[in-house]
Amino acid sequence: QGVSSAASDVYKRQERRAAMNEEQQDRAMFVSFCIEQYAKAKNMAAEDVVNLFEQYGIAEHFCEFYDVLHTQGGQWLVEEIDKMINERRK
């Protein structure tokens with residue numbers, strides 16, 4: 001029974017890691033979507049948008065509040081990014 005219990009614990013840890021990795025992938029895909037939407041809306045290169053996101057902490061914010069923000073549309077996200085940049089420039 002000890003071996004079975006240990007194997008079960010390992011399996012459960014692997015499941016948790018897989019779930020965490022899936023969640024991280026979802027957040028990364030969302031940030032990627034935001035970058036693409038913003039680049040398209042502002043006629044910017046994606047690399048420039050990435051730099052802008054890094055400068056103003058946009059990606060971190062969007063990852064932190066992914067649960068709420070990922071349900072929003074592209075236009076709303078672009079407007080939200082503009083607001084965040086303007087607020088953080090001050």
Side-chain angles (χ1 to χ4, degrees):
Q1 187 171 352
V3 172
S4 175
S5 178
S8 177
D9 287 347
V10 168
Y11 181 72
K12 287 177 186 174
R13 277 188 297 227
Q14 288 174 337
E15 281 184 327
R16 281 194 297 263
R17 283 190 196 123
M20 249 186 359
N21 288 338
E22 187 175 321
E23 184 177 326
Q24 290 169 338
Q25 287 176 353
D26 288 346
R27 290 172 192 259
M29 291 294 289
F30 174 63
V31 170
S32 177
F33 170 78
C34 293
I35 290 167
E36 291 172 5
Q37 292 296 306
Y38 198 79
K40 183 177 175 184
K42 301 298 180 178
N43 197 28
M44 294 174 67
E47 185 176 332
D48 294 335
V49 175
V50 169
N51 292 335
L52 192 67
F53 276 32
E54 287 176 357
Q55 181 178 357
Y56 293 103
I58 305 297
E60 291 83 2
H61 176 83
F62 276 46
C63 281
E64 183 177 350
F65 296 101
Y66 167 81
D67 292 339
V68 174
L69 296 174
H70 83 279
T71 63
Q72 302 299 320
Q75 183 59 40
W76 185 90
L77 292 167
V78 168
E79 292 170 8
E80 187 67 14
I81 293 164
D82 280 339
K83 286 180 194 173
M84 290 177 65
I85 290 171
N86 288 331
E87 289 172 4
R88 293 174 182 201
R89 276 189 176 147
K90 297 175 183 178

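All heavy atoms count here, side chains included; hydrogens, waters and symmetry mates do not.
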Single hit among R89, K83, R88 for side-chain contact (heavy atoms from CB on, under 4.5 Å) with I85
R89

Heavy-atom nearest pair, C63 first then V31, reads SG-CG2, 3.6 Å

Who passes side chain to side chain contact (heavy atoms under 4.5 Å, CB included) against Q72, sequence neighbours left out?
W76, L77

Gap between atom CD1 of I81 and atom CZ of F62 - 0.5 Å precision
4.5 Å

So which pairs with a foot in residues 25-52 pass salt bridge (Lys or Arg N to Asp or Glu O under 4.0 Å), sequence neighbours left out?
E23-R27, K42-D82

Donor-acceptor pair, distance only, cut-off 3.5 Å: does the side chain of H70 make one with the backbone of Y66?
yes

Is there a side-chain contact between Q55 and N51 (heavy atoms, below 4.5 Å)?
no

Just wondering, do Y38 and M44 contact through their side chains at under 4.5 Å, heavy atoms?
yes

Any link between M84 and F65 through a network of hydrophobic side chains (Ile, Leu, Val, Met, Phe, Trp, Tyr) touching at under 4.5 Å?
yes

Which pair of non-hydrogen atoms, one from V78 and one from Q37, has the smallest distance, and what is that distance?
CG2-O, 3.8 Å

Indicate if M29 and V50 have the same hydrophobic cluster label, given that clusters are the connected sets of ILVMFWY residues with side-chain heavy-atom separations under 4.5 angstrom.
no

Enter the distance from I58:CD1 to C34:SG here, rounded to the nearest 0.5 Å.
9.5 Å

